[in-house]
Every structure is written in C-alpha cells, then in structure tokens.
K.L.:
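My questions will all concern the structure given below.
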Amino acid sequence: MSSSFGTLFRVATFGESHGVGVGAVVDGCPPNLELGEADIQVQLDRRRPGQSDLTTPRQEADRVTILSGVEHGRTLGTPIGLLVRNQDQRPGDYGEMNVVPRPSHADYTYQVKYGLHASSGGGRSSARETVGRVAAGAIAEKVLRERWGVEIVAWVSGVGEVDSAPIDADRLTRAQVDATLVRCPDPVAAEQMAALVRAVRDAKDSVGGVISCVCRNVPAGWGEPVFDKLEARLAQAMLSLPATKGFEIGSGFAGTKLRGSRHNDPFVKKGERLGTLTNHAGGVLGGISSGEPLLFRVAFKPVATIGQPQRTVDLDGNPVELAAKGRHDPCVVPRAVPIVETMTALVLLDLALRQQARG
C-alpha cells in the first residue's frame with residue numbers, strides 16, 4: 001500500500017476509520033519553525049465531523065497530539081509524529097459489510113486486492129484517513145505562509161445542480177468562505193446548496209459537488225518537468241482524495257471551446273516581473289508556476305454509502321438488499337475544503353524545497 005507522499009517534504013499517513021486513531025509522520029520539515037498543536041488544530045477543526053446538520057453526526061473532537069520532532073515550541077528538523085485518537089467509533093454499524101460490499105464503495109476492490117477489508121467502516125478508504133493529511137498539510141501551510149507569503153483558499157463552488165456566482169479569487173478569504181455552513185462565499189447559492197443537502201439527507205441519499213481553489217503569491221519557477229509538473233502533482237494529490245472524480249486547472253475543459261487567439265494569456269510588465277493580462281493557464285506554464293495565481297477545481301462524487309435500500313449482491317454473488325447504517329455526510333464538499341487546501345500545501349512546499357535545493 002502507498003501511504004506516503006512527497007520528495008523532500010515527505011508525509012506518511014496511518015490509521016483506519018474505526019481503529020484506535022489516525023495520524024501522520026512528517027519528514028523533511030525545516031528546523032526552527034515555531035510550531036504548536038494550535039497551529040495544526042485550526043484546519044482539523046474545519047475538517048472534523050459533526051459541525052452542522054449538513055455533515056455526519058459522528059462526534060469527534062479531532063484533537064491532535066504532537067508526538068515528536070518539536071521541542072520548546074520549535075521544530076527540530078527530525079520527523080514530526082502527529083496523532084488524533086478516534087473517540088466515537090461504532091464498528092457494530094458495519095457488520096453486514098463484511099459479506100456485502102457497498103455499491104460504489106471500495107469494500108470490493110480492497111477485498112480483491114488484499115484478500116480482506118476493514119471490518120468496520122471503510123478503513124483506509126474512509127475519508128477519516130484524511131485527518132493525517134490535514135494535520136501534515138497545516139504544517140506545510142505555515143512554512144509556505146511565513147517563508148513566501150503563499151495564501152491558499154478553497155471554497156465550494158457547486159453542489160449538485162447549484163453553482164455559485166463568479167467569485168473574486170484575488171481577494172477571497174477563509175473567513176468569507178466559512179461564513180456559510182456549506183462553505184460557499186456566494187450567500188444566495190449557499191442557501192440553495194444547503195437546502196439541497198438537507199433534502200438529500202432527509203431522503204437518505206447523497207449529492208456531489210465541486211471545490212475551487214486559489215493559491216496566491218506563488219513565486220514563478222516551482223514545478224519539475226516533465227513528470228512532476230506542478231499541475232500533475234496537484235492532480236495526483238487531489239485525485240488521491242476519497243470521492244474525487246475530476247481535476248481541472250485554469251480554463252480546464254471549458255478552454256477547449258475557445259480559439260487560441262482568445263485562450264492565450266498575453267505577457268505584461270507587473271512591477272519588477274513579467275505577468276499575464278489574463279490567466280486561462282491557471283498560473284502554470286509548461287508545468288512550472290508562472291507567478292500568477294494558481295486556480296483549479298476538484299469534482300467530488302455523491303457519497304457512496306447511503307441509507308436507502310439498494311439491490312446488490314454479497315461476496316458470493318447472492319442477491320441481497322442493503323440499507324447502510326453508519327453515519328455519513330450527505331455531501332462531502334463542505335468538510336473537504338480544508339482537505340483540498342492542506343493537500344495543496346503539501347504539493348507546493350515539496351516543490352518549493354526542490355526549487356530551493358537548486359541554489
């Protein structure tokens with residue numbers, strides 16, 4: 001199993017959804033960085049379950065403990081161990097899943113690959129696994145912010161058929177994003193999204209959505225062509241998240257409908273550097289950051305585990321009717337916002353350190 005990510009800033013995550021706990025080991029963090037558990041807790045609080053009636057009712061405080069790598073409030077340059085203990089486990093809700101793989105869930109593929117799968121919840125395929133990513137990514141965010149002034153802000157731009165109005169990504173703040181329960185900074189669309197999520201929740205169903213993300217103040221020059229291009233690493237990071245089904249940067253698929261004469265971004269002088277008049281490229285040229293804001297979007301499918309009865313088969317192929325019990329989000333995107341941000345930070349810091357290593 002591949003549970004590690006990064007080259008110079010490396011992260012390995014561990015733990016199952018209903019096990020003792022989840023966490024991460026961070027290797028390659030620069031020494032002498034001021035770091036405390038409060039720095040990490042901010043993003044974990046935004047990701048944790050039970051935040052509102054739009055999310056799973058599972059109650060987890062998700063309090064992080066730093067086990068190693070930090071002394072007297074500063075990083076030592078040695079591996080940082082991070083642990084979040086699970087508290088509200090209900091493994092009994094998943095007994096039937098031992099023999100009946102949930103439709104569109106990873107139960108079946110894990111069974112085929114490993115000869116067994118976690119008997120309670122999704123194990124490593126559960127979104128609970130992302131706790132370790134968020135904890136590690138919060139550290140990466142701090143380094144990026146303090147060394148380069150990088151700002152990363154993600155927001156919900158679509159839920160089901162409801163899309164937000166265009167957002168001014170140059171000025172958007174996390175406070176504006178968090179002002180609505182659904183984490184959409186367009187209040188009109190946010191109200192419609194919340195109503196839709198409540199409707200599918202009451203129907204014991206689920207709905208998907210889209211998260212957009214902007215990264216500001218990213219210097220030109222980050223990215224390692226040809227196989228570790230910036231957008232390629234971002235795509236890998238985003239598509240490694242549970243429930244993701246699509247990634248696009250800049251104009252994305254919509255750009256295929258434009259002529260080159262409209263799609264090209266003319267260069268202009270911006271202070272002491274070259275910039276572009278438009279940003280259809282999304283801040284990346286040839287796999288390397290251009291100095292313009294990074295703009296990308298991630299598509300999340302409807303949550304696979306739903307409470308409606310579904311006709312399916314057990315592992316022996318016998319027809320059964322399955323109505324999942326567990327406690328699950330009717331829509332993952334409100335809680336996935338900090339996950340997208342912190343995974344982005346892991347990509348950017350790793351590439352920043354690789355560029356820095358060139359001298």
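Residues take their numbers from the sequence shown, with the count starting at 1. Note that these values count all heavy atoms, side chains included, but never hydrogens, waters or copies made by symmetry.
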K.L.:
Looking only at the side chains, is there a donor atom on one of E141 and Q43 sitting less than 3.5 Å from an acceptor on the other?
P.N.:
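There is such a pair between these side chains.
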K.L.:
Decide yes or no for V25 and P79: does some side-chain heavy atom of the first lie under 4.5 Å from some side-chain heavy atom of the second?
P.N.:
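The answer is yes; the side chains approach within 4.5 Å.
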K.L.:
To the nearest 0.5 Å, tell me how far L230 CG sits from L294 CG.
P.N.:
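Those atoms lie 5.5 Å apart.
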K.L.:
Between the main-chain N or O of M238 and the side-chain N or O of T244, is there a donor-acceptor pair closer than 3.5 Å?
P.N.:
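Confirmed, T244 side chain pairs with M238 backbone.
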K.L.:
Tell me the closest heavy-atom pair linking S289 and V218, and the distance in Å.
P.N.:
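Smallest interatomic distance, heavy atoms only, reads CB-CG1, 3.9 Å.
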K.L.:
Enter the distance from I211:CD1 to R335:CZ here, rounded to the nearest 0.5 Å.
P.N.:
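Output value for this atom pair is 11.5 Å.
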K.L.:
Could you pull out the closest heavy-atom pair between F253 and E248, with the gap in Å?
P.N.:
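Result for this residue pair: N-OE1, 2.9 Å.
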K.L.:
So does G149 get a backbone contact from the side chain of N217, meaning a donor-acceptor N/O pair under 3.5 Å?
P.N.:
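Confirmed, N217 side chain pairs with G149 backbone.
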K.L.:
Between K270 and E292, is there a side-chain N and carboxylate O pair less than 4.0 Å apart?
P.N.:
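Answer for the salt bridge query: yes.
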K.L.:
Does a donor on one side chain sit under 3.5 Å from an acceptor on the other, for T55 and D329?
P.N.:
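No, D329 and T55 have no side-chain donor paired with an acceptor closer than 3.5 Å.
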K.L.:
Between V42 and I66, is there a shared hydrophobic cluster once you connect ILVMFWY residues whose side-chain heavy atoms come closer than 4.5 Å?
P.N.:
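Each belongs to a different hydrophobic cluster.
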K.L.:
Is the side chain of N318 donor-acceptor paired with the backbone N or O of D314 at a distance under 3.5 Å, no angle test?
P.N.:
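Pair absent, no side-chain N/O of N318 close to backbone of D314.
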K.L.:
Decide, yes or no, whether a salt bridge links R46 with D62 under the criterion of side-chain N to carboxylate O below 4.0 Å.
P.N.:
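No, R46 and D62 are not salt-bridged.
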K.L.:
Begin with the C-alpha distance, continue with both residues' side-chain angles, and end with the deciding distance and a verdict on side-chain contact (heavy atoms from CB on, under 4.5 Å) for S125 and Y110.
P.N.:
CA-CA 9 Å; S125 68; Y110 267 66; 3.8 Å; yes
K.L.:
Do side-chain atoms of E191 reach the backbone of V188 as a donor and acceptor pair under 3.5 angstrom?
P.N.:
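No: the side chain of E191 does not pair with the backbone of V188.
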K.L.:
Any chance you could lay out the side-chain contact (heavy atoms from CB on, under 4.5 Å) test for R216 and V150, step after step, and finish with the verdict?
P.N.:
CA-CA 6 Å; R216 300 186 290 254; V150 172; over 6 Å; no
K.L.:
Would L285 end up clustered with L234 when hydrophobic side chains under 4.5 Å apart are linked, directly or stepwise?
P.N.:
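Different clusters.
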K.L.:
For P49 and R128, which heavy atoms make the closest approach, and how far apart are they?
P.N.:
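That closest heavy-atom pairing would be CD-NH1, 4.4 Å.
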K.L.:
State plainly whether one hydrophobic cluster holds both L8 and V11, where clusters connect Ile, Leu, Val, Met, Phe, Trp and Tyr through side-chain heavy atoms under 4.5 angstrom apart.
P.N.:
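Yes, L8 and V11 fall within the same hydrophobic cluster.
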K.L.:
Any side-chain heavy atom of V84 sitting closer than 4.5 Å to one from T65?
P.N.:
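No, their side chains stay 4.5 Å or more apart.
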K.L.:
Parallel, tilted or perpendicular: which one describes the rings of W222 and W148, with boundaries at 30° and 60°?
P.N.:
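W222 and W148: perpendicular rings.
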K.L.:
Heavy-atom count check: over 12 atoms from other residues, nucleotides or ligands less than 6.0 Å from R311 CZ?
P.N.:
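Buried by this count: over 12 neighbours within 6.0 Å.
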K.L.:
Let me check something: do L44 and L82 share a hydrophobic cluster, defined by ILVMFWY side-chain heavy atoms less than 4.5 Å apart, either directly or through other members?
P.N.:
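Linked within one cluster.
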K.L.:
Is there a donor-acceptor contact under 3.5 Å from the side chain of R85 to the main chain of V22?
P.N.:
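Side chain of R85 to backbone of V22: no pair is present.
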K.L.:
Within the distance-only criterion (no hydrogens, no angle test), does the side chain of N86 pair as donor or acceptor with the backbone N or O of G19 below 3.5 angstrom?
P.N.:
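Judged by distance alone, yes, a pair lies under 3.5 Å.
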K.L.:
State whether a side-chain donor-acceptor pair under 3.5 Å links T13 with R124.
P.N.:
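Judged by distance alone, the side chains do pair up.
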K.L.:
Under a 3.5 Å distance rule, please check whether Q41 uses its side chain to pair with a backbone N or O of V64 as donor and acceptor.
P.N.:
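Yes, because the side chain of Q41 sits within donor-acceptor range (under 3.5 Å) of the backbone of V64.
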K.L.:
Can L277 and D265 be said to form a side-chain contact (heavy atoms from CB on, under 4.5 Å), step by step?
P.N.:
CA-CA 6 Å; L277 188 63; D265 299 316; over 6 Å; no
K.L.:
Let me confirm one number: the CG-CD distance from L241 to Q236, rounded to the nearest 0.5 Å.
P.N.:
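So the gap between those two atoms works out to 11.0 Å.
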K.L.:
What pairs meet the side-chain hydrogen bond (donor to acceptor under 3.5 Å, both in side chains) rule with one or both residues in residues 28-40, with sequence neighbours excluded?
P.N.:
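Only E34-R74 qualify under side-chain hydrogen bond (donor to acceptor under 3.5 Å, both in side chains).
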K.L.:
Does any N or O in the side chain of T75 come within less than 3.5 Å of the main-chain N or O of P30, such that one atom is a donor and the other an acceptor?
P.N.:
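It does hold such a pair.
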K.L.:
For the pair R297 and S157, evaluate side chain to side chain donor-acceptor pair (under 3.5 Å) and give the outcome as yes or no after the intermediate values.
P.N.:
CA-CA 9 Å; R297 290 162 296 282; S157 54; over 6 Å; no
K.L.:
Taking the six-membered ring of F5 as reference, does the NZ or CZ atom of R233 fall below 6.0 Å from its centre and within a 45° cone about the axis?
P.N.:
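Yes, a cation-pi geometry.
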K.L.:
Keeping the roles fixed (side chain from S206, backbone from V303), state whether a donor-acceptor pair exists under 3.5 Å.
P.N.:
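Pair found, side chain donor or acceptor close to backbone of V303.
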K.L.:
On a heavy-atom basis, which atom in S104 and which in A304 lie closest, and how many Å separate them?
P.N.:
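Taking every non-hydrogen atom into account, O-CB, 3.4 Å.
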K.L.:
Do Q176 and R183 have side-chain atoms, one donor and one acceptor, less than 3.5 Å apart?
P.N.:
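No, R183 and Q176 have no side-chain donor paired with an acceptor closer than 3.5 Å.
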K.L.:
Return the CG to CG distance between L196 and L54, rounded to the nearest 0.5 Å.
P.N.:
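So the CG of L196 and the CG of L54 are separated by 10.5 Å.
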K.L.:
Scan side-chain atoms only and decide if T130 and R47 contain a donor-acceptor pair under the 3.5 Å cut-off.
P.N.:
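Yes, because at least one side-chain N or O of T130 sits under 3.5 Å from a partner of the opposite role on R47.
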K.L.:
Any luck finding a side-chain donor-acceptor pair between R102 and T312 under 3.5 Å?
P.N.:
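Checked: R102/T312 side chains show no N/O donor-acceptor pair below 3.5 Å.
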K.L.:
Taking D53 first and then R201, would you say they form a salt bridge - that is, a charged N and a carboxylate O separated by under 4.0 Å?
P.N.:
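Salt bridge between D53 and R201, a charged N being under 4.0 Å from a carboxylate O: yes.
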K.L.:
Please determine whether side-chain contact (heavy atoms from CB on, under 4.5 Å) holds for the pair I80 and L35, giving the CA-CA distance in whole Å, both sets of side-chain angles, and the decisive distance to 0.1 Å.
P.N.:
CA-CA 11 Å; I80 300 172; L35 184 68; 4.2 Å; yes
K.L.:
Do the side chains of D45 and R63 get nearer than 4.5 Å, heavy atoms only?
P.N.:
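Yes; the side chains approach each other to less than 4.5 Å.
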K.L.:
Do you reckon Y108 sits in the same ILVMFWY cluster as V313, going by side-chain contacts under 4.5 Å, direct or chained?
P.N.:
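Not linked; separate clusters.
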K.L.:
Taking the side chain as every heavy atom from C-beta outward, state whether S290 and T276 have any pair of such atoms under 4.5 Å apart.
P.N.:
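No; the side chains remain at least 4.5 Å from each other.
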K.L.:
Mind checking the SG-CG spacing from C29 to L76? Nearest 0.5 Å is all I need.
P.N.:
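Between C29 SG and L76 CG, I get 10.0 Å after rounding to 0.5 Å.
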K.L.:
For V100 and D107, work out which heavy atoms get closest and say how close.
P.N.:
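Where V100 meets D107 most closely, the heavy atoms are O-OD2, 4.4 Å.
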K.L.:
Within the structure provided, determine whether T344 and C215 are in side-chain contact (heavy-atom separation under 4.5 Å).
P.N.:
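They are in side-chain contact.
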K.L.:
Measuring from H280:NE2 to S251:OG, what's the distance to the nearest 0.5 Å?
P.N.:
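Going from NE2 on H280 over to OG on S251, the span is 6.5 Å.
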K.L.:
Assess whether atom CZ of R273 is packed by more than 12 heavy atoms of other residues, nucleotides or ligands within 6.0 Å.
P.N.:
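Atom CZ in R273 is crowded, with more than 12 foreign heavy atoms closer than 6.0 Å.
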K.L.:
Are any of the side-chain heavy atoms of M343 and S240 separated by less than 4.5 Å?
P.N.:
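Contact flag for M343/S240 side chains = yes.
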K.L.:
Which heavy atom of G158 sits nearest a heavy atom of V333, and at what distance?
P.N.:
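In this case the closest contact between G158 and V333 is O-CG2, 4.5 Å.
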K.L.:
Between D350 and R10, does any side-chain N to carboxylate O distance fall below 4.0 Å?
P.N.:
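Not counted as a salt bridge, because no side-chain N and carboxylate O are separated by less than 4.0 Å.
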K.L.:
Whether the side chain of E321 engages the backbone of Q310 through a donor-acceptor N/O pair (distance < 3.5 Å, no angle test) should be reported.
P.N.:
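Answer holds: no.
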K.L.:
So, do F9 and L348 sit near enough that their side-chain heavy atoms are less than 4.5 Å apart?
P.N.:
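Answer no - side chains too far apart.
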K.L.:
Can you find a heavy atom in the side chain of E129 that is under 4.5 Å from one in the side chain of E16?
P.N.:
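Not in contact.
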